[in-house]
Undergrad: 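My structure is below; once you've seen it, I'll send some questions.
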2 protein chains.
Amino acid sequence: MNTTALCPRFEKAMSILSQRWTGLIIYQMLSGPQRFCTIESAIGVSGRLLSERLKELENQGIVNREVFPETPVRIEYSLTEKGLSLEPLMREIEKWSQTWLETDSTAKND
Amino acid sequence: MNTTALCPRFEKAMSILSQRWTGLIIYQMLSGPQRFCTIESAIGVSGRLLSERLKELENQGIVNREVFPETPVRIEYSLTEKGLSLEPLMREIEKWSQTWLETDSTAKND
DNA sequence: ATAATTACTTACATAAAGTAACTAACTTTA
DNA sequence: TAAAGTTAGTTACTTTATGTAAGTAATTAT
């Protein structure tokens, strides 16, 4: 049973961020509206999961989907106000990672 | 193929935070050193995963494990300096969740 | 000797993520 | 007109992660 003493809002925020790819998708979209294939290749997520995540983020009011009936069709994804408000948090992650993480190889395990 | 243009440190930070439970474990430990069963019941994680996550966090230098050979044995987990430095980030999540999320029921989907 | 406690581990079931091939709508090229 | 290319996905299947429940070791209490 889940008898959590934690704030349910915090838990929900965490459940969003702890979904694989959502953080990177949001971070990537901080640089402006972009299309499916751009996000796909920028962060290296598969179409299947990107599609799934974008739908979820749209349902949560974090991402906006706009269709431009050009040729071929252009669909742009952008952050809503709610999505943009995640920027300070993303910057904190950025800061922390710059300060405390190494590129990889040196796993700091001794 | 993962041809990421993203900063590898940022990606790594995200991969830590996007593991289920790690965020909540760290958040919970911000209130001070605590033992296994305390964390377990506070956030509602199973022993299996808590054990797994604490080991990973220990390997990443985020969590410290200290054994007190009392009776019954007491083992306390605490945040290292690296772990504590995640506080501002956790506070941002807290802030964002307070501002933008509702307790649940009202799914904001209309 | 039996039960209780803490900090786990093991075994197994279910859910999520990865991979690759496929589709729809349209356009360009041959 | 047919074949191939583009974008934005979807479908089917495999692998990995997570959930659940029961078990273990060391120790103390009854």
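Small disclaimer: the values here were computed from a predicted structure and weren't measured. Chain letters run A, B, ... following the sequence lines, proteins first, then strands; residues in each count from 1.
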Undergrad: Quick one: does A:Arg53's side chain have a donor or acceptor within less than 3.5 Å of a partner on A:Arg20's backbone?
TA: yes

Undergrad: Please determine if a side-chain N or O atom of A:Trp21 lies less than 4.0 Å away from the OP1 or OP2 oxygen of C:dA16.
TA: no

Undergrad: Taking only N/O atoms, report every protein-nucleotides 12-17 of chain D pair under 3.5 Å with atom names and distance.
TA:
residue	atom	partner	partner atom	Å
D:dA12	N6	A:Arg48	NE	3.4

Undergrad: Measuring from the side chain of B:Leu49 (C-beta onward, heavy atoms only), which nucleotide among D:dT20, C:dA7, D:dG19 has the closest atom?
TA: D:dG19

Undergrad: Side chain of A:Arg9, backbone of B:Leu101: donor and acceptor closer than 3.5 Å?
TA: yes

Undergrad: Could you check which of D:dT20, D:dG9, D:dT7 has an atom nearest any side-chain atom of B:Ser46?
TA: D:dT20

Undergrad: So which protein nitrogen or oxygen atoms get under 3.5 Å of nucleotides 26-30 of chain C's nitrogens or oxygens?
TA:
residue	atom	partner	partner atom	Å
C:dC26	O3'	A:Thr71	OG1	3.3

Undergrad: Do B:Glu58 and B:Lys55 meet the salt-bridge criterion of a basic N to acidic O distance under 4.0 Å?
TA: no

Undergrad: Expressed in angstrom and rounded to an integer, what is the separation of B:Arg74 atom CZ from C:dC8 atom P?
TA: 14 Å

Undergrad: For the pair B:Tyr77 and B:Phe36, name the ring-plane relationship: parallel under 30°, tilted 30 to 60°, perpendicular over 60°.
TA: tilted

Undergrad: Using a 3.5 Å distance criterion without hydrogens, assess whether the side chain of B:Thr80 forms a donor-acceptor pair with backbone atoms of B:Asn64.
TA: no

Undergrad: Under 6.0 Å from the CD atom of B:Glu70, do we count more than 12 heavy atoms belonging to anything else shown?
TA: yes

Undergrad: Apply salt bridge (Lys or Arg N to Asp or Glu O under 4.0 Å) to A:Glu40 and list each qualifying residue two or more places apart in sequence or on a separate chain.
TA: none

Undergrad: Which listed nucleotide (D:dT10, C:dC8, D:dG9) is nearest to the side chain of A:Lys55?
TA: D:dT10

Undergrad: If only side-chain N and O atoms of B:Tyr77 are considered, is one of them under 4.0 Å from the OP1 or OP2 phosphate oxygen of C:dC8?
TA: yes

Undergrad: Name the nucleic acid region contacted by B:Phe68, choosing base, sugar-phosphate or nothing; use a 4.0 angstrom heavy-atom cut-off, strictly under.
TA: nothing

Undergrad: Output the rounded distance in Å from CD1 (B:Ile39) to P (C:dT6).
TA: 14 Å

Undergrad: Is it true that the side chains of B:Gln28 and B:Gln34 contain a donor and an acceptor less than 3.5 Å apart?
TA: yes

